[in-house]
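Note sheet for the following structure.
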Amino acid sequence: MEEKQDNASAQQTATKKSNSFTRLTKSAKGSDLLVFIVCLAISSIFWLFLSLYDEVERDYDVPFVIENQPDSIVIVESVPTSFNVVVQGKGVQFLRFLWHDVRPLKVNFNEYANNSGYFTIPRQKLDGLFRDYFGQGVKIVSLRPETVKAAYTSNVGKKVPLELISELQSNMQYVISGPLRTSVDSVMVYSANDIPATLTSVTTYPLVKTGLKDTTTFVVKIRPIEGMRIIPDQVTVTVPVEPLIAKKRTVPIEVQNVPEGTRLITFPSSVEVNYLVPMSLYSKDINIRLFVDYSAINRESQKVKVQSSAVSGLFRNFSFKPDSVEYIIESMQGAEPASAESEQSQQ
């Protein structure tokens, strides 16, 4: 019942709107408005049609692709990956670039490779290629780069190690938790001439990052060498980063450099160690050595300093309490044990 009422109400509303539009179009003002809208639409279409045949300039970045390059050939010098072209022509000639991506300009390697070991396309030939690309009747106003000239070789390349140059720092409460991982550890170097024997490795541009909070991947360019081609010319570097978690342990105190026939007893015999550890290593106990050195004892003091061995750089804020302990020096020949205080009185 309610649905029928809603349908009836909707029909009444539609009927009212239709009647209102009919009255508007039959009125003098409505007729004038309708004529104005029709004239505006016609003039817009006419203006658009005329503007398509006006001379215009357009700026495009056109990708550049070399096809049919033999597998045994390597282009040693850099070749542009795209051209910036400013062209002049009628607007209708550029309509297809409004709805589609700019397609690459493709050239055949064998057409432009000469016997001198160079792949060359002069400016005049490039103008012709781009006139064919955009359509006859267009004018090439400017072109960057203006020519293509690059040496190529069929010489066998040399495989050399890749050295990553980096300066990385994690944020507070985070740590770089392992070695950096690179997509390749060596590259191939090609040259039209002999590769010098002194070339034993290549390096990347410096990778400098600070404040790292998560494992991150970077793309790093390899530093080029003049007159040579390096493949690949970039490397992917993954920097493992983990958060640090506080950990607490009790570690026994060892004794070093005790003379034969003597025993050194410390009070307490162990201390509490605190440090920050990467999350993945939290369940593992690192090797921590705490010790006192008999030869470093000052008989005028009742305590001896606790020392620690070197701790891995993965762990931060390493500390322990207490940092000094009381001691007793005991003779192994059955004599009474001597505390630091008794030792001082005997002196």
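Worth knowing before you read on, the calculation uses all heavy atoms, side chains too, and leaves out hydrogens, waters and symmetry mates.
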Taken to the nearest 0.5 Å, the spacing of Leu162 CG from Arg223 CZ works out to 12.0 Å
With distance as the sole test, does Thr153 use its side chain to make a donor-acceptor pair with the main-chain N or O of Val74 at under 3.5 Å?
no
Pair Asn274, Asn317: side-chain N/O donor-acceptor within cut-off below 3.5 Å
no
Assigning hydrophobic clusters by single linkage (Ile, Leu, Val, Met, Phe, Trp, Tyr; side-chain heavy-atom cutoff under 4.5 Å), is Val189 placed with Tyr152?
no
Evaluate the criterion side chain to side chain contact (heavy atoms under 4.5 Å, CB included) for residue pair Val237 and Thr204; output intermediate values, then yes/no.
CA-CA 11 Å; Val237 182; Thr204 65; over 6 Å; no
Could you check whether Ser191 and Asn193, counting side-chain N and O atoms only, form a donor-acceptor pair closer than 3.5 Å?
no
Side-chain heavy atoms of Pro232 within contact of Val187, under 4.5 Å:
yes
Rounded to the nearest 0.5 Å, how far does CD1 of Ile253 lie from OG of Ser270?
6.5 Å
With a 4.5 Å limit on heavy-atom distance, are the side chains of Lys158 and Met228 in contact?
no
Provide the closest heavy-atom pair for Ile176 versus Gln169 in the form atom of the first, atom of the second, distance.
CD1-N, 4.2 Å
Closest non-hydrogen atom pair between Asn68 and Asn110, with its separation:
O-ND2, 4.1 Å
Would you confirm whether Lys106, through its side chain, and Glu67, through its main-chain N or O, come within 3.5 Å as a donor-acceptor pair?
no
Cation-pi geometry met for Arg103 and Tyr133 (6.0 Å, 45°)
yes
Indicate the ring-plane relationship of Phe83 and Phe64, choosing parallel, tilted or perpendicular according to the 30° and 60° boundaries.
perpendicular
Do Asp293 and Lys305 meet the salt-bridge criterion of a basic N to acidic O distance under 4.0 Å?
no
Verdict with supporting geometry, Leu180 and Leu168, side chain to side chain contact (heavy atoms under 4.5 Å, CB included)
CA-CA 10 Å; Leu180 307 184; Leu168 305 169; 3.6 Å; yes
Indicate, with yes or no, if Val102 and Phe134 share a hydrophobic cluster defined by side-chain heavy-atom contacts under 4.5 Å among Ile, Leu, Val, Met, Phe, Trp and Tyr.
yes
Transitively linked via ILVMFWY side-chain contacts under 4.5 Å: Leu199 with Ile222?
yes
Quick one, Glu242 with Leu281, criterion side chain to side chain contact (heavy atoms under 4.5 Å, CB included). Give me CA distance, side-chain angles, the key distance, then yes/no.
CA-CA 10 Å; Glu242 289 186 55; Leu281 300 178; 5.9 Å; no
Give me the atom names and distance for the closest heavy-atom approach of Val76 to Arg229.
O-CB, 3.2 Å
What heavy-atom pair brings Gly157 and Met188 nearest, and what distance separates the two atoms?
C-CE, 3.6 Å
Check the pair Val175 / Leu276 against side chain to side chain contact (heavy atoms under 4.5 Å, CB included), numbers first and verdict last.
CA-CA 10 Å; Val175 66; Leu276 298 176; over 6 Å; no
Decide whether Val304 and Val258 are clustered together by the hydrophobic rule: side chain heavy atoms of Ile, Leu, Val, Met, Phe, Trp, Tyr closer than 4.5 Å, transitively.
yes
Inter-residue atom distance Tyr294.OH - Arg263.CZ, 0.5 Å rounding:
13.5 Å
Please check this pair: side chain of Glu163 against backbone of Thr203, looking for a donor-acceptor N/O pair closer than 3.5 Å.
no
